[in-house]
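Computed from heavy atoms alone, side chains included, the values below leave out hydrogens, waters and symmetry copies. For reference, positions follow the sequence shown, starting with 1.
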Amino acid sequence: QVQLMESGGGLVQAGGSLRLACAASGGTFSRYPVGWFRQAPGKERAFVAAVSWSGGSTDYADSVKGRFAISRDNAKNTVYLQMNSLKPEDTAVYYCARGRQWGGVASSAPGYDDWGQGTQVAVSS
């Protein structure tokens with residue numbers, strides 16, 4: 001059973017940057033697409049970004065396009081989310097998730113089977 005662990009969250013001022021990491025243990029990422037989602041207090045979990053199993057295809061929510069970048073290192077079983085020009089509205093718990101083996105990039109939660117516990121990102125104004 002794969003376990004996903006997010007890291008890299010924290011408190012940052014508006015305009016700052018953070019890099020989140022999602023590491024897999026007990027399984028592999030290399031044949032699976034991986035996505036990032038976030039959930040702010042009182043709101044539903046929302047899609048942020050996703051990367052195909054090869055890394056050749058990515059997708060982003062409109063709200064983060066041009067500011068966030070998703071990448072992966074299959075040799076390290078790790079997926080990253082580089083977040084630049086952060087805004088207070090980016091404040092949320094960020095989750096990574098593993099999709100279906102050899103599957104395509106999905107932008108909704110039902111497309112993912114395995115989830116991490118989340119890491120908190122707080123952006124102050």
### For the student: nearest non-hydrogen atoms of Val2 and Ala24, plus distance
CG2-CB, 4.0 Å
### Message
If you define the side chain from C-beta out and look only at heavy atoms, does anything of Val79 sit under 4.5 Å from Val51?
### Response
yes
### Task
Compare every heavy atom of Arg67 with every heavy atom of Leu86, then report the nearest pair and how far apart it is.
CA-NH1, 3.9 Å
### Message
Are the side chains of Trp53 and Val34 in contact, using a 4.5 Å heavy-atom criterion?
### Response
no
### Task
Hey, could you give me the CG/NZ distance between Asn74 and Lys76, rounded to the nearest 0.5 Å?
12.0 Å
### Query
Is a side-chain donor-acceptor pair under 3.5 Å present for Asn84 with Ser17?
yes
### Task
Answer yes or no: are there more than 12 heavy-atom neighbours, outside Glu89 itself, under 6.0 Å from its atom CD?
yes
### Donor-acceptor contact present, side-chain Glu6 to main-chain Gly118, <3.5 Å
yes
### Message
Looking at every non-hydrogen atom in both residues, tell me the closest pair between Gly104 and Pro33 and how far apart they are.
### Response
O-CG, 3.5 Å
### Query
Please walk me through it: do Phe37 and Tyr112 pass ring pair (Phe, Tyr, Trp, His ring centres under 6.0 Å)?
CA-CA 11 Å; Phe37 290 75; Tyr112 297 85; 5.3 Å; yes
### Task
Identify the heavy atoms of Ser107 and Asp59 that sit nearest to each other, and give their distance.
CB-OD2, 3.8 Å
### Task
Check for a donor-acceptor pair, side chain of Thr91 on one end and backbone N or O of Ala122 on the other, with a separation under 3.5 Å.
no
### Message
Measuring from atom OG of Ser57 to atom CD1 of Ile70, what distance do you get when rounded to the nearest 0.5 angstrom?
### Response
10.5 Å
Side chains of residues 92-100: which donor-acceptor pairs under 3.5 Å do they make with residues two or more places apart or in other chains?
from, atom 1, to, atom 2, distance (Å)
Tyr94, OH, Arg38, NH1, 2.9
Tyr94, OH, Asp90, O, 2.6
Arg98, NE, Asp114, OD2, 3.4
Arg98, NH1, Thr28, O, 2.9
Arg98, NH2, Asp114, OD2, 3.3
Arg100, NE, Asp113, OD1, 3.0
Arg100, NE, Asp113, OD2, 2.7
Arg100, NH2, Pro110, O, 2.6
Arg100, NH2, Asp113, OD1, 3.0

### Message
Tell me if the CD atom of Gln117 is crowded by more than 12 foreign heavy atoms within 6.0 Å.
### Response
no
### Query
Quick one: do the Gln82 and Arg19 side chains pair a donor with an acceptor below 3.5 Å?
no
### Task
Looking only at non-hydrogen atoms, find the nearest pair between Ala106 and Gly111 and report the distance.
CB-CA, 4.2 Å
### Task
Please tell me if the side chains of Leu11 and Val121 come closer than 4.5 Å, counting only heavy atoms from C-beta onward.
no
#### Entry: Trp115 side chain near Arg45 side chain, heavy-atom distance below 4.5 Å
yes
#### Entry: Approximate separation, where rounding is to 0.5 Å, of Arg72 CZ and Ser54 OG
8.0 Å
### Approximate separation, where rounding is to 0.5 Å, of Thr58 OG1 and Phe68 CZ
14.0 Å
### Query
At what distance, to the nearest 0.5 angstrom, does OG of Ser125 lie from NZ of Lys87?
14.0 Å
### Query
Heavy-atom distance under 4.5 Å between the side chains of Trp36 and Leu20, does that happen here?
yes
### Task
Among Val12, Leu81, Val123, find the residue that satisfies the side chain to side chain contact (heavy atoms under 4.5 Å, CB included) test when tested with Leu18.
Val12
## Note on the structure
Value for SG (Cys22) from CE (Met5), rounded to nearest 0.5 Å, stands at 9.5 Å
